[in-house]
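Input: a single structure, listed below in structure tokens.
Computed over heavy atoms, backbone and side chain alike; hydrogens, waters and symmetry mates excluded. Here is how names work: the chains are called A, B, and so on, in the same order as the sequence lines, proteins then strands, and each is numbered from 1.
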Amino acid sequence: MPELPEVETTRRGIASHIEGQQITGVIIRQPRLRWPIPSDLEEKLKGRKIKSVERRAKYLLINLTHGCLIMHLGMSGSLRILPRSTEPGKHDHFDLLFKNHCLRFHDPRRFGAILWTEQPIAEHSLIRHLGPEPLLEDFTGDYLYQQAQGRRVAVKNLIMDGRVVVGVGNIYANEALFRVGILPTRAANRISLARYTRLADEIKLVLAAAIKRGGTTLRDFQREDGKPGYFAQELLVYGKAGEPCPGCGEPLKQKRIGQRSSFYCGQCQK
DNA sequence: ACAGTAACCTGTTTGC
DNA sequence: TGCAAACAGGTTACTG
């Protein structure tokens, strides 16, 4: 579910509800996520105040004055702000409790993660090797071009590789490549600097546009208030195999690249 | 270093 | 209709 725009939407949604708030407890209903939820989390968190809520890649970083609660939504995770008294449903694995409300973690597939660290976040093993944030200045066409040299993987795999650039998942990789007319299967080292410059720009544009609309809801992504994101209606190719290309009218194609479904126009993308 | 695949899970859709 | 296979927004870990 959640790519960068969905995680950023969640971050913005929860921040004002929990920043400055004191944690009164935690409830772990199912500790078995991608990695086990630390069993001593309550003693680490209880009574402490939340300083800020940040995001790095698709990780949500809930900063306390000392230490950081790291959350990842995996494929199917979502977070909601709810009254403490709200009855938990199936797959509501974790609550962060405040005086009157709670932050509730819901994740059917349990690919998400909830971890605690007291080391500087940039040195954490999950964060250390990550590439640049796509929306910041150091992510450019020059950078992408340089990363592509010597690499023969499909360009779609290159831009979905978190060591190259973070936050670009399957939906937005397909969308950005369509918008710049690059075939997703094209070898990364067979693309010019000029085209990478347009690709970097388009990745920024499509992510920013999706954040503006509150992310993409395909089946079950929900925002912190339970509402869906509205970017799905602006998708041009994702999930649209067989439908006419918005550019030329030819039926859009679907193909598996690196285990992931890819959607593209054989006419408009070269 | 790079590229490809399996693995972690549950729920829904697709195909016979 | 029923059942099994395929597939889904992510990422790590392992193989060659």
Are A:Arg151 and B:dA1 close enough that a side-chain N or O sits under 4.0 Å from OP1 or OP2? no
Rounded distance (Å) that lies between atom P of C:dT11 and atom CG of A:Leu60: 12 Å
What nucleotide, of C:dA8, B:dG11, B:dT5, holds the atom closest to the side chain of A:Met75? C:dA8
NA contact type, A:Leu33, heavy-atom cut-off 4.0 Å: base, sugar-phosphate, or nothing? nothing
A:Glu3 has a side chain; which of C:dA8, C:dG10, B:dT10 sits nearest to it? C:dG10
Expressed as a whole number of angstroms, how long is the span from A:Met160:CE to B:dT5:P? 15 Å
Between P of B:dA3 and CZ of A:Arg163, the distance in whole Å: 10 Å
C:dC7 phosphate, OP1 or OP2, under 4.0 Å from A:Ser261 side-chain N/O: no
Does A:Lys90 place a side-chain N or O at less than 4.0 Å from the phosphate oxygens OP1/OP2 of B:dT10? no
Is a salt bridge present between A:Arg109 and A:Asp220, judged by a nitrogen-to-oxygen distance below 4.0 Å? no
Could you tell me whether A:Arg110 contacts a base, only the sugar-phosphate backbone, or nothing, with contacts defined as non-hydrogen atoms closer than 4.0 Å? sugar-phosphate
Would you call A:Arg179-A:Glu175 a salt bridge at under 4.0 Å N-O? yes
In terms of side-chain heavy atoms of A:Gln254, which of C:dA8, B:dG4, C:dG10 is nearest? C:dA8
Within the structure shown, what part of the strands sits under 4.0 Å from A:Thr217 by heavy-atom distance: base, sugar-phosphate, or nothing? base
Would you indicate what A:Phe231 reaches in the nucleic acid, counting non-hydrogen atoms under 4.0 angstrom: base, sugar-phosphate, or nothing? nothing
Between A:Arg34 and A:His91, which has a closest nucleotide on DNA chain B that is more 5'? A:Arg34
Quick one about A:Thr86 and A:Arg80 (side-chain donor to acceptor, distance below 3.5 Å, no hydrogens or angles considered), yes or no? no
Nearest-Å distance, CD (A:Gln147) to P (B:dA3)? 12 Å
Expressed in whole Å, how much space separates the P atoms belonging to C:dC7 and B:dT5? 14 Å
Any sub-3.5 Å donor-acceptor pair from A:Lys204's side-chain atoms to A:Pro134's backbone N or O? yes
Which nucleotide, in any strand shown, forms a Watson-Crick or G-U wobble pair with B:dA1, with both distances under 3.5 Å? none
Determine if A:Phe111 stacks with B:dC9; use a centre-to-centre distance below 5.5 Å and an interplanar angle below 30° as the criteria. no
How far does the P atom of B:dA7 sit from the matching atom of C:dA5, given to the nearest Å? 16 Å
What is the separation between atom CH2 on A:Trp35 and atom C1' on C:dT11, rounded to the nearest whole Å? 7 Å
Kindly say if A:His129 contacts the phosphate of C:dT12, meaning a side-chain N or O under 4.0 Å from OP1 or OP2. no
Can you tell me how far P of C:dA8 sits from CG of A:Asp107, to the nearest Å? 18 Å
Look at all strands and tell whether A:Arg256 reaches a base, only sugar-phosphate, or nothing, counting heavy atoms closer than 4.0 Å. sugar-phosphate
Would you say a side-chain N or O of A:Arg260 is under 4.0 Å from OP1 or OP2 of C:dG10? yes
Look at all strands and tell whether A:Arg32 reaches a base, only sugar-phosphate, or nothing, counting heavy atoms closer than 4.0 Å. sugar-phosphate
Pick the closest DNA chain C nucleotide for A:Gly167 and for A:Arg109 by heavy atoms, then say which residue is nearer the 5' end. A:Arg109
Using atom P in both nucleotides, what's the gap between B:dA6 and C:dA6 to the nearest angstrom? 13 Å
When all nucleic acid strands are considered with a 4.0 Å heavy-atom cut-off, which category describes A:Tyr59: base, sugar-phosphate, or nothing? sugar-phosphate
P spacing across the pair C:dT12 / B:dG11, given as an integer number of angstrom: 25 Å
So which nucleotide does B:dA7 pair with, by the Watson-Crick or G-U wobble rule with both distances under 3.5 Å? C:dT11
Rounded to whole Å, please give me the gap between CZ in A:Arg152 and C1' in B:dG4. 14 Å
Where the side chain of A:His17 meets the backbone of A:Ile81, is there a donor-acceptor pair that is under 3.5 Å apart? no
Nearest whole angstrom, please: distance from the C1' of B:dG4 to the CG of A:Leu158. 15 Å
Could you label the plane-to-plane angle of the A:His106 and A:His91 rings as parallel, tilted or perpendicular, counting under 30° as parallel and over 60° as perpendicular? perpendicular
What's the closest nucleotide to the A:His72 side chain, out of B:dG11, B:dC2, C:dG10? C:dG10
Under 3.5 Å side-chain donor-acceptor pair for A:Gln254 and A:Ser261: yes
